[in-house]
Amino acid sequence: MDFTLLVPEMFVAALACLLLILNLVAPRGERRGLVIFAVLGILAAIAVVAFNFDMFDGFLGRMYLVDAYASFFKILFLIAALLVCLTTMNYYKPLAGEGGEAYTIMLFATLGMMILVSAGELITLYVGLELMTISFYILTANLAGEDARSSEAGLKYLILGAISSAVMLYGFTLLYGVTGTTMIHEIAQFKEASPAFWLGVIFALSGFGFKIAAVPFHMWAPDIYEGAPTPVTIFLAVASKAAGFGVFVRFFLTAFPQHADHWIPVIAIMAAATMILGNLAAIPQQNIKRMLAYSSIAQAGYLLVGLVAASEAGVKSILFYAMIYVFATVGAFAVTIAFNNVSESDDIADYSGLARRSPLLAVTLLVCMLSMAGIPPLAGFAGKFYLFSAVIEQGFLWLAIIGLVMSMLSVYYYLSVVRVMYLGEVTDYSAIKLKGSMKLVLYVCMVLSIILGAYPGPLAELANIAARFMF
Amino acid sequence: MDFITNPGFPYLSVILLTPLVGALALIFVPREEVWTIKAIAAVSTLVSLILSVLIFLAYDQTIGGMQFKEDILWIKDLGVSYSLGVDGISLPLLLLTNLIGFSAVYASWNNKDRVKEFFILLLILITGVMGTFVTRDLFIFLLFYEVVVIPIYIMVIIWGSTKRVTKEYAGMKLTIYLLIGSAFLLAGMIALYVNAYQLTGVRTMDIESLMLVPFTEHFQIIGFLLLGIGFCTLISMWPFHSWSPDGYAGAPTAVSMIHAGVLKKIGGYGLIRIGLFVLPAGAKFWAPLIAVLAVGNVVYAAVICLVQKDLKYVVGYSSVSHMGYVLIGIAALNVISINGAIAQMFAHGVMAALFFAMIGNLYEKSHTRNIPDFGGLANQVPRLAVGFMLAGLASLGLPGLASFPAEFTIFVGAFGVYQVFTIIAISGIIFTAVYILRMLGNVLFGPRQQQWDKLTDLKGPEWVPLIVLGTVLVTFGIFPYLLMDPINTGVTSLFARTGLSTVIGGGF
């Protein structure tokens, strides 16, 4: 057994534990330095993962897989964690000040995701999943003392998440009962499909569907995204969703390729429904976090399109899109954090005249939202191009048309926000001052959303390398 | 002109990117320095204009085909390259874009509200439109095409005007129509790309390579339908036209000029270059339908023009009507009619831009566009009246102005294919004459009205749109070969290369 394969995971676990101890010994009021410590630690972890990017090895006989596919996602989670930590600096007191343990829990959630995408076996997968989900229950309720919505969201997420975990676990037991193995690649050798087998597949599908908030398992997302502290919402929308996709894609493509004709149409319908419902439901929203929540449901629909393709090009497009989605979403939510900090409001109507109060916030929100809508030359366009060309290659022209029409329709509600920001009457002309860490996040997200669209080559190449390991 | 044909110098990149560089430079200019901002905008569009006139003259018609080529591999795994080039079809449209872009800067000279942002967006808009005409790559084409939509939206909602519809409504309608159209376009183009890859095993977005791919007839029909929905929405084909009058009415002058003048022409250009020459069998299948709807364009929009009271709505609907001629020319699928269609796109672009520039100028000073409010303006503002007359007479196809040879060529080409439709379409000229002459009469002539004595005539920078666009209208009207010859070399060589005439079986 080559334990060096686990270095990134061990590194993150050690970092989390160290943060916990430091949080205990550091005197009150001095704990803000912990964020900087966490940020540096995460940067180091990214370097560790990137160092071994395109290796391929299995640990404990393929129970735990270390390949470029997993590494790509690990880098994605760590980047998301990094950006989220930066957004909390100076902004979210309950996270940054007294409750320094939030960073520890965030790192444990990241660790769970890293295990999840590397899992080659059902029980490992489940352990990773629960580590991630339980960490999120705590994070969601992080503001419980101050904001009733946070505790409500935490409780809702706990109950719904537990149910979905139970359903998924039941599916896994059925699969184990039918096939006699928990190794994902051995399930693929099981050719005949009994009703119990299909029940297991469907239960597993619904469990993953819950994690990625795909229709019809999306109901929890808007409430919890709205109620949770915004940095947690970002982490939930970005990293948890990407982790869900990482394992979903690996599980279905490795375990059931021989039944592809049966489950692909189901996922195609799920994708279409998710794109349609997510975008249509976003239109009437008055609260920006709720609107972004619905739009992130729609984004899950686009990502599912890549799974429908079930090809190397499809997986590559999922990887590419998941990465650019990180920057677009973090950027958009970071604006809401900065704005909420001065106005204590998340209502779209209060964004009136933002362009005059802070051009940087307005432009970042504009760029990030248009990237999500897929307007060139922003990153979302390149991402959608990859996704839809992969699915058209497999003959799903109708799905591509639905997706493209819906993404153009989504411009409607994004532009409504733009209109308010650029045209709305201003009652308060005071400029919004931004802290350095927040400016950094905004610039990074905006600039990358532009660059990765105008010049997607390098990221596409990385995604290509990673996707090759799935086949 | 030998010095221009030096193959090493990236003329097209310079033409394309100069406005963008200007926009970037504007970001660093303080917003109070209004004069500097305008000067930068004017200079950067002037550089592009001069260079595009030069390459228009230097284009070697004896060789034909794509010239001034540039190639840089851009996205390796998709087979996308930043490849530029112009041929007889894109050259006039490139020139048109720069003529209108330059004039639009001057037409916005009196703008006082958020000047810096306005010119930044305007320059981005000009770059985007130009990009679609000079690229030889499908992906880059799409990229530039969709880039322009968002700046237009922001320009309409901030600097637009609310008359019959609010500017917010107009802007959103414009944006959503065009984006939904472009969704189909995008689907069609991705299908084209994927299908070509499956047939040839090469990932390429190069339009000329795609022309040589033997697509099945079934695919061509579906593909052309998808592309057609996108392009025909853009060229405001009836019944997908309703964004056009509302959008122009709500938009600020410069946006109306660019939108009616060139952006719309991307639809016709795409239909010809991508629809016709990449998917000839699809074009042949759908051409009769396009012809029917085009007649709808001509007649329906012309009749609506008769009852309009707002100057911008008259020009807006008349541009819908004129696009009907272009569509008939395209639908007739022969060299002559397509020559005419391209010439008409050029001529109409100049004419519509001049019209909107004059209306914008009048509206700026009188704060109304309602035709019954005016009368006898030729007394107070004779120079403005000249502009109106030039644009109006070009619009009704008066010989001696650029529109006449264009429309004439279309009818000559189309008559052999669709006799009845062509005759109906020609009758549209009568309606056009009625509403244009009535509008000119009501606004410009008649007794002098005291209330308009305070109006000031064109002066200083306001002259520029009239001089530039007016000169072009007259020059190309008197010497039509300047325009028709390059177009003809482009169209004939493409017909020859793709063997389109054998598929279509028509032609001369």
Side-chain angles (χ1 to χ4, degrees), chain A residues 313 316-317 320 355-356 359 366-367 369-370 373-378 381-382 384-416 418-424 453-461 463-464, chain B residues 27 73-78 80 82 114 117 124 128 131 139-150 153-160 167-168 171-173 175-195 197-198 203 205 219 222-223 226 229-230:
Chain A
K316 168 206 170 172
S317 64
F320 184 89
R356 294 195 172 201
L366 174 71
V367 167
M369 288 195 306
L370 292 180
I375 299 292
L378 304 171
F381 177 72
K384 284 196 176 132
F385 197 93
Y386 284 119
L387 280 170
F388 291 120
S389 60
V391 81
I392 289 178
E393 220 161 83
Q394 304 300 319
F396 287 89
L397 185 59
W398 62 271
L399 190 60
I401 293 178
I402 291 181
L404 289 167
V405 170
M406 280 300 146
S407 65
M408 292 310 167
L409 204 68
S410 70
V411 175
Y412 177 76
Y413 57 84
Y414 292 133
L415 282 187
S416 306
V418 173
R419 190 178 67 210
V420 172
M421 289 194 304
Y422 279 86
L423 204 63
Y455 194 64
L459 180 60
E461 197 47 45
N464 231 348
Chain B
I27 293 176
L73 189 59
W74 197 249
I75 310 172
K76 215 171 89 187
D77 58 341
L78 284 179
V80 172
Y82 169 82
R114 301 200 212 183
E117 288 88 343
I124 293 175
F139 189 87
I140 308 280
F141 175 88
L142 265 175
L143 205 93
F144 278 114
Y145 164 55
E146 284 198 45
V147 160
V148 301
V149 174
I150 302 303
Y153 175 74
I154 298 177
M155 289 175 89
V156 173
I157 63 164
I158 296 184
W159 295 279
K167 56 188 180 181
E168 288 87 358
M172 192 58 95
K173 185 170 180 178
T175 309
I176 295 298
Y177 252 92
L178 294 189
L179 283 178
I180 301 280
S182 81
F184 286 95
L185 191 62
L186 200 53
M189 289 200 179
I190 298 175
L192 202 66
Y193 163 70
V194 167
N195 209 281
Y197 169 62
Q198 285 166 343
R203 287 194 183 276
M205 285 281 190
F219 172 77
I222 296 174
L226 290 171
I229 293 175

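The structure displayed is predicted, hence computed values, not measured ones. Just so it is clear: chains get the letters A, B, ... in the order the sequence lines come, proteins before strands, and each one is counted from 1.
Contact record, A:P456 with B:I75: CG-CD1, 3.4 Å, taken as the closest heavy-atom pair. Residue A:P376 comes nearest to B:V147 through the heavy atom pair O-CG2, 3.6 Å, listed as atom of the first residue, atom of the second, then distance. Smallest separation of non-hydrogen atoms from A:L423 and B:I158: CD1-CA, 3.9 Å.
Ring geometry for A:F385 versus B:Y193: interplanar angle of 30 to 60°, hence tilted. Taking the six-membered ring for Trp and thresholds of 30 and 60 degrees, B:F139 and A:F381 have ring planes inclined between 30 and 60 degrees apart.
A:L409 CG to B:I180 CD1: the interatomic distance, rounded to the nearest 0.5 Å, is 5.0 Å. A distance of 9.5 Å separates OG in A:S389 from CG in B:L186, rounded to the nearest 0.5 Å. Here the CG atom belonging to A:L378 is positioned 10.5 Å from the CD atom belonging to B:E146, to the nearest 0.5 angstrom.
Applying the salt bridge (charged side-chain N to carboxylate O under 4.0 Å, His left out) test to A:K384 and every residue at least two apart in sequence or in another chain returns nothing.
By the 4.5 Å heavy-atom criterion applied to side chains, B:I150 and A:Y414 are not counted as neighbours. Here the side chains of B:F184 and A:I401 are in contact, with some heavy-atom distance below 4.5 Å. Counting only heavy atoms from C-beta outward, the side chains of B:Y197 and A:E393 approach each other to under 4.5 Å. With contacts defined as side-chain heavy-atom distances shorter than 4.5 Å, the pair A:Y412/B:T175 does not qualify.
The candidate with the highest count of non-hydrogen atom pairs below 4.5 Å against chain B, out of A:L397, A:V405, A:L415, is A:L415. In terms of non-hydrogen atom pairs under 4.5 Å with chain A, the most contact-rich of B:E168, B:K76, B:M172, B:E117 is B:M172. Note on A:A400, A:P377, A:G374: by heavy-atom pairs under 4.5 Å with chain B, the leading option is A:P377. Among B:I157, B:L178, B:V149, B:V80, the residue with the largest count of heavy-atom pairs under 4.5 Å with chain A is B:I157.
Only the side chain of A:L370 comes within contact range of chain B, with heavy atoms under 4.5 Å apart. Proximity to chain A (any heavy atom under 4.5 Å) is restricted, for B:Q198, to the side chain, taken from C-beta onward. Residue A:S416 touches chain B through both its backbone and its side chain, counting heavy-atom pairs closer than 4.5 Å.
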